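Notes follow once the structure below has been shown.
Fair warning: this is a prediction, and the values are worked out from it, not measured in the lab.
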Amino acid sequence: MSEPPTARPWFRSRGIAQPPVAAVDEDHRAGGLGELIELVARGDQAAFARVYEQISGPVYGTVMRVVRDPAQSEEVTQDVLVEVWRQASRFDPSRGSAAAWVMTLAHRRAVDRVRSSQSAADREQRAATRDREHDHVAEEVETRLEHERVRRCLDGLTDLQRQSISLAFYSGYTYREVAELLKVSVNTVKTRMRDGLIRMRDCLGVER
């Protein structure tokens, strides 16, 4: 069957923010919904336009109660109406009214949209969690490698150089305090720290 003749929801094309939930004419009375759907099944576009007018509001109301979001509800309503056009031949009046058939389609589509949206949100959450975990692990590895490089470079210094740098940079002592702790002059501490830092820079590959 070709595409339905109505391309947009009637309540949007007419500029109405939300359609009224109107009563549906049932079912095999002249012009009733059941009779119209049987005509739609034969490709009657005029009958579909009347079906569209009758059920857009009720379908939107049904969908909105499930989906809650107006914009998504309009999209689902349009999907339901397209499905009515395409699947009209599957309507069996012996199994229930046309209105019940349409509202069943609407409810099913609405539930599918909610599940799809929730699944997408769950996937995004899992992806974000994996990214955060990956970043955290990468940072830990990088930090450990950097600490290992620094430790190896410190091991390559003389005892006085290593002690001076460790006390000043890792323990927060001043030059004078380091000198008192190591029982050497302040100038000696400064010289050893300068030489040690130069060697550390070369060892770590830091550009000048």
Side-chain angles (χ1 to χ4, degrees), residues 1-140:
M1 183 177 287
S2 62
E3 291 301 307
T6 307
R8 302 171 62 197
W10 69 272
F11 48 86
R12 180 177 294 177
S13 63
R14 295 186 182 183
I16 301 174
Q18 179 173 326
V21 181
V24 178
D25 291 334
E26 271 295 3
D27 210 11
H28 279 80
R29 299 191 303 272
L33 184 60
E35 181 181 280
L36 291 172
I37 287 180
E38 289 181 357
L39 294 172
V40 170
R42 302 186 195 117
D44 189 325
Q45 294 189 1
F48 179 74
R50 293 177 62 187
V51 169
Y52 209 104
E53 291 287 339
Q54 282 196 39
I55 67 174
S56 291
V59 166
Y60 179 89
T62 296
V63 171
M64 184 65 177
R65 283 192 292 272
V66 178
V67 177
R68 303 293 183 182
D69 178 79
Q72 289 195 55
S73 294
E74 289 187 12
E75 292 177 3
V76 175
T77 297
Q78 179 72 347
D79 290 343
V80 172
L81 294 167
V82 170
E83 188 171 0
V84 169
W85 168 259
R86 292 176 175 171
Q87 305 295 334
S89 61
R90 295 188 178 183
F91 167 58
D92 183 356
S94 68
R95 300 180 62 180
S97 69
W101 178 70
V102 172
M103 295 311 158
T104 298
L105 296 179
H107 186 267
R108 185 182 302 126
R109 283 274 185 170
V111 170
D112 288 345
R113 174 60 67 93
V114 171
R115 288 174 177 169
S116 177
S117 297
Q118 186 59 52
S119 296
D122 291 345
R123 286 195 298 272
E124 290 178 1
Q125 180 63 36
R126 288 194 296 270
T129 300
R130 286 196 298 270
D131 289 343
R132 287 195 298 270
E133 291 175 349
H134 177 271
D135 291 344
H136 179 66
V137 170
E139 289 174 2
E140 282 191 350

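- One distance of note links OG of Ser97 with CG of Leu33; it measures 8.0 Å at 0.5 Å rounding.
- The two residues Thr77 and Val59 come nearest to each other via the heavy atoms CG2-CG1, 3.8 Å.
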Could you go through Tyr60 and Arg65, starting from their C-alpha distance and side-chain angles, then the distance that decides it, and tell me whether this counts as side chain to side chain contact (heavy atoms under 4.5 Å, CB included)? CA-CA 9 Å; Tyr60 179 89; Arg65 283 192 292 272; over 6 Å; no

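- Under the salt bridge (Lys or Arg N to Asp or Glu O under 4.0 Å) criterion, Asp79 pairs with Arg113, sequence neighbours left out.
- Taken from CZ in Arg68 to OG in Ser73, the straight-line distance is 9.5 Å, to the nearest 0.5 Å.
- Within the 4.5 Å cutoff, the side chain of Leu36 has heavy atoms near those of the Gln54 side chain.
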Output side-chain donor-acceptor pairs under 3.5 Å for residues 99-110, partner residues at least two apart or in another chain, one line each.
from: Thr104; atom 1: OG1; to: Ala100; atom 2: O; distance (Å): 2.7
from: Arg109; atom 1: NE; to: Glu83; atom 2: OE1; distance (Å): 2.9
from: Arg109; atom 1: NH2; to: Glu83; atom 2: OE1; distance (Å): 3.4

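- Note: Ile55 CD1 to Leu81 CG = 5.0 Å, rounded to the nearest 0.5 Å.
- Interatomic distance, CG of Asp69 versus CD of Glu74, reported as 9.5 Å (0.5 Å rounding).
- For Arg90, the side-chain hydrogen bond (donor to acceptor under 3.5 Å, both in side chains) partners at least two apart in sequence or on another chain are Gln87.
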